[in-house]
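A short worksheet on the structure shown next.
Per chain, numbering begins at 1; letters A, B, ... match sequence-line order. What you see is a predicted model; the values in this text were computed from it and never measured.
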Amino acid sequence: MKLSKFFMPTLREAPQDADNISVKLMFRAGMIRKLASGIYEWLPLGLRVLQKVEGIVRQELNRVDGQEVRLPVIQPKELWMETGRWQVYGKELLRLTDRKDSEFCFAPTAEEVITNMVRRDVNSYRQLPILLYQFGLKFRDEIRPRFGVMRSREFIMKDAYSFHASDGDAQKWYGILYGAYEKIFTRCGLAYKPVEADSGPIGGNHSHEFMVIADTGEAEIALCACGYAANTEKAEVSEAPARTADPSKLHPMRDVPTPGLYTVEDVAKFLKINKKQFIKTLFFLADGAPVMALVRGDHELNENKLRRLLGAADLEKAPQHIYEAIAGCPAGFAGPVEIKTKYAPGKDTKPLTKVIADNALKNVFNGVSGANKGDTHTTGINAGRDYAPDAFADIHVAAEGDLCPKCKAPLGFKRGIEVGQTFKLGTKYSKSLKCNFSDEHQKEMPMVMGCYGIGITRTVAAAIEQAHDDWGIIWPPAIAPFEFSLVSIESGDKAVAEASAAVYAAIEAAGMEALWDERDERPGVKFKDADLIGLPWRIVVSSKTLKDGECEFKRRAEKDAMRWKLAEIPAKLKELKAEIK
RNA sequence: CGGGGCGUGGCUCAGCUGGUAGAGCGCUCGCUUCGGGUGCGAGAGAUCGUGAGUUCAAAUCUCACCGCCCCGACCA
């Protein structure tokens with residue numbers, strides 16, 4: 001491709017609203033433009049990368065007998081009513097009405113549609129298993145789109161769905177897809193880590209997220225040298241060894257005034273006591289029933305863990321009026337001591353059913369918590385002596401200082417960008433949509449499903465996030481929009497033009513692509529643009545080297561250039577081609 | 001949804017104690033230059049987000065709306 005004809009509007013400065021490195025570089029390199037909040041246009045350079053990633057994904061999925069389909073983005077309400085998600089999905093689901101007042105949604109995902117398709121035409125165990133996938137435009141009306149294409153409202157997702165005659169087969173295929181994902185992200189040149197993910201109400205270790213390790217990632221990952229890795233939304237922790245307190249060191253409880261101070265932060269500062277001494281008190285409604293949860297002051301409660309422990313389908317923070325009815329005091333001053341007797345039932349509030357304390361609280365002696373009185377906290381609280389929860393359990397978000405659930409070594413933490421997820425769905429959708437098959441005994445059974453997503457657009461952003469420098473992007477060869485930047489210095493010079501054309505032809509002949517900068521521009525302009533768009537390899541043709549029968553070759557990721565004899569170019573290109581997996 | 005901020009050529013921004021618009025980059029033309037965004041000259045391009053109000057006069061002041069961004073709440 002000749003750069004003079006290529007629609008690649010590069011920018012010296014990034015737009016003001018570009019809020020992270022990858023989106024800045026994508027804007028500057030002329031890969032994307034923004035149309036509206038969370039909605040982006042992909043220009044030719046960007047699209048090429050998208051297509052490279054899609055190509056790799058397609059190849060690896062076809063290799064495990066996946067079959068590509070294309071599903072509608074406008075989907076009828078009726079289907080979503082069948083699974084109940086029309087209500088459950090909430091505002092993230094973009095709803096539309098046609099001229100006949102029929103209701104539709106714009107696909108945020110495609111379980112309903114694919115399951116509907118399969119239930120219609122797949123009826124026998126002989127047709128199973130089957131793996132179908134698509135690259136589809138998705139729309140999720142995010143509350144706050146940000147980080148450009150990383151968390152946009154409209155995006156391209158590869159979604160794959162598998163259907164099986166048995167749970168064992170689904171499990172086996174889960175492993176096959178997991179392997180395919182490893183190959184995909186490796187080929188894309190990404191440093192990634194598969195981590196255990198929270199699998200929602202279904203439970204079990206049937207979901208993994210593929211994380212690209214990057215400091216700017218939105219997800220936090222807990223890692224251990226033993227191999228354990230999990231999203232902190234899910235990560236379990238081992239209970240710390242129990243400590244026993246010297247009875248003579250236990251203080252009596254005492255109420256202290258803390259006027260207007262209701263956050264752990266403020267009270268800790270005021271009383272000059274470490275946050276770890278605090279017992280943080282939270283109220284939830286588990287399927288409507290009030291529950292009190294206690295965690296250490298420096299910990300965050302993990303709602304997934306609490307929900308699973310309680311066996312609840314739905315868990316939400318208790319609204320303020322319920323909080324205040326239970327604690328009998330303004331929000332911020334509740335504590336575990338005598339909480340059940342303090343409870344003052346209102347007309348529409350149910351009684352407090354359970355008090356769950358995090359394991360870490362077993363080792364908190366002389367703790368501090370709210371006194372269930374306005375503007376007052378209690379010090380000297382000790383578990384057992386002063387309060388007795390219904391259960392101690394692991395309910396906090398894994399944090400620095402926690403121990404690995406497998407080997408009890410201290411956990412480490414990193415940030416990551418979620419680029420893919422594998423999920424064993426079970427029969428959740430096949431049951432609600434009656435996607436059944438006849439087994440060999442003519443017995444009708446629901447199919448067992450798996451679903452597997454890859455954020456294509458996000459993967460592109462993650463690759464940039466992971467590999468760039470002050471000058472621009474550094475593409476891994478396998479997903480680069482072109483393999484080569486071919487730069488002609490003084491492109492008007494006849495010898496330079498001819499030699500450049502010859503190099504260009506050689507690159508094409510080797511089955512690769514070059515973006516040929518034959519513009520009438522100064523060398524500096526060309527080099528700046530080349531560095532910005534970050535193609536992996538650069539060949540410079542100029543009269544300076546041409547007189548020795550040479551051109552210049554440089555890798556984007558390396559500092560120094562080398563000389564190539566023109567005659568040896570085909571051989572060199574062959575070597576480079578082998579580097580692309 | 002709560003708090004804060006911002007909307008001025010394609011991009012980055014100035015002008016905002018009222019007198020209907022500027023710069024740099026980019027673009028066009030000419031000359032110049034040719035290994036890290038060359039220099040000079042000449043141009044094109046803006047109903048200052050929208051609507052209403054105040055005023056002789058509004059980019060500038062007031063109100064409403066729209067859009068965008070940040071922080072928070074929320075979240076398969």
Checking rA73(B), rC75(B), rG35(B) against the side chain of K544(A) (C-beta onward), the nearest is rG35(B)

Using distance alone, with no hydrogens and no angle criterion, decide if E552(A) and T545(A) have a side-chain donor and acceptor under 3.5 Å apart.
no

Checking T422(A) against Y174(A): is there a side-chain donor and acceptor pair closer than 3.5 Å?
yes

Would you tabulate the pairs of protein nitrogen or oxygen atoms and nucleotide nitrogen or oxygen atoms of nucleotides 7-10 of chain B closer than 3.5 angstrom?
none

Determine the interatomic distance between C1' on rA46(B) and the same-named atom on rG9(B); round to the nearest Å.
5 Å

Assess, by modelled atom type and distance only, whether the side chains of E112(A) and T83(A) contain a donor and an acceptor separated by less than 3.5 Å.
yes

Can you tell me if E550(A) uses its side chain to pair, donor with acceptor, with the backbone of R563(A) under 3.5 Å?
no

When rounded to the nearest Å, what value does the distance between P atoms of rC11(B) and rU50(B) take?
15 Å

R85(A) and E111(A) ion-paired at < 4.0 Å:
yes

Could you state the atom-to-atom distance from CD1 of I143(A) to P of rC70(B) in whole Å?
14 Å

Rounded to whole angstrom units, what separation is found between the CZ atom of R307(A) and the P atom of rC75(B)?
10 Å

Has E218(A) got more than 12 heavy atoms of other residues, nucleotides or ligands less than 6.0 Å from its CD?
yes

Taking the P atom in each of rU47(B) and rU8(B), what is the distance between them to the nearest angstrom?
12 Å

F482(A) six-ring face occupied by R48(A) cation (under 6.0 Å, within 45°)
yes

Euclidean distance for C1', rC69(B) against rG49(B) (whole angstrom)
15 Å

For atom P, what is the distance between rA21(B) and rA59(B), given to the nearest Å?
8 Å

With P as the reference atom in both, quote the distance from rC40(B) to rG26(B) in angstrom, rounded to an integer.
13 Å

Quick one: does R556(A)'s side chain have a donor or acceptor within less than 3.5 Å of a partner on D531(A)'s backbone?
yes

What's E142(A) touching, base or sugar-phosphate or nothing? Going by heavy atoms closer than 4.0 Å.
nothing

Separation of atom CE in M8(A) from atom C1' in rG37(B), rounded to whole Å:
13 Å

How are the rings of F27(A) and Y40(A) set relative to one another: parallel (under 30°), tilted (30 to 60°) or perpendicular (over 60°)?
perpendicular

Paired to rG19(B) by Watson-Crick or G-U wobble criteria (both distances under 3.5 Å) is rC56(B)

E233(A) vs T10(A), nearer the 5' end of RNA chain B by closest nucleotide
T10(A)

Where the side chain of R28(A) is concerned, which of rC75(B), rA73(B), rG37(B) is the nearest nucleotide?
rG37(B)

Check R538(A) with D517(A), please: is the shortest side-chain N to carboxylate O separation under 4.0 Å?
no

Does a side-chain N-to-carboxylate-O contact under 4.0 Å join R153(A) and D141(A)?
yes

Looking at residues 32-39 of chain A, who's got a heavy atom less than 4.0 Å off RNA chain B?
K34(A), S37(A)

Could you give the distance separating rG4(B) and rC13(B) at their P atoms, to the nearest angstrom?
23 Å

Which sits closer to the 5' end of RNA chain B, K317(A) or P145(A), going by the nucleotide each is nearest to?
P145(A)

Could you tell me the separation between the CD atom of E218(A) and the P atom of rG72(B), rounded to a whole number of Å?
11 Å

When both distances are under 3.5 Å in a Watson-Crick or G-U wobble arrangement, the nucleotide paired with rG24(B) is rC11(B)

Are K280(A) and D358(A) close enough for a salt bridge, meaning some N to O gap below 4.0 Å?
no

With sugar-phosphate meaning primed atoms plus P, OP1 and OP2, does E418(A) contact a base, only sugar-phosphate, or nothing at under 4.0 Å between heavy atoms?
base

Would you say that more than 12 heavy atoms from the other residues, nucleotides or ligands in this model lie under 6.0 Å from the CG of D215(A), or not?
no

Distance in angstrom units between K554(A) NZ and rG36(B) P, rounded
14 Å

Choose from rG36(B), rC71(B), rC34(B) the nucleotide whose nearest atom is closest to any side-chain atom of R146(A).
rC71(B)

Geometric class of the Y178(A)/H208(A) ring pair [parallel <30°, tilted 30-60°, perpendicular >60°]
perpendicular

Could you check whether atom NZ of K547(A) has more than 12 heavy atoms from other residues, nucleotides or ligands sitting under 6.0 Å from it?
yes

List the protein contact pattern of nucleotides 25-33 of chain B with one symbol per nucleotide (5' to 3'): B for base contact, S for sugar-phosphate-only contact, - for none; contact means a heavy-atom distance under 4.0 Å.
SS------B

Could you check which nucleotide pairs with rC68(B) in any of the strands shown, counting Watson-Crick or G-U wobble with both distances under 3.5 Å?
rG5(B)

Base, sugar-phosphate or nothing for R519(A)? Non-hydrogen atoms, less than 4.0 Å.
nothing

Say we look at rC27(B) and rU38(B): how far apart would their P atoms be, to the nearest angstrom?
11 Å

With no angle test and no hydrogens, is the base of rG35(B) tied to the side chain of E490(A) by a donor-acceptor pair under 3.5 Å?
no

Proximal nucleotide (of rC70(B), rG37(B), rG35(B)) relative to the V540(A) side chain
rG35(B)

Let's test this: given Watson-Crick or G-U wobble pairing with both distances under 3.5 Å, identify the partner of rU33(B).
none

Rounded off to whole Å, could you give me the CG-to-P distance for the D531(A) and rG36(B) pair?
12 Å

Given atom CZ of R144(A) and atom C1' of rG4(B), what is their separation to the nearest angstrom?
12 Å

Look through every strand shown and name the nucleotide pairing with rC63(B) as Watson-Crick or G-U wobble, where both distances are under 3.5 Å.
rG51(B)

Would you kindly give the NZ-to-P distance between K24(A) and rC11(B), to the nearest whole Å?
17 Å

Compare the minimum distances between each of rC71(B), rG37(B), rG36(B) and the side chain of D529(A), then state the nucleotide with the smallest one.
rG37(B)

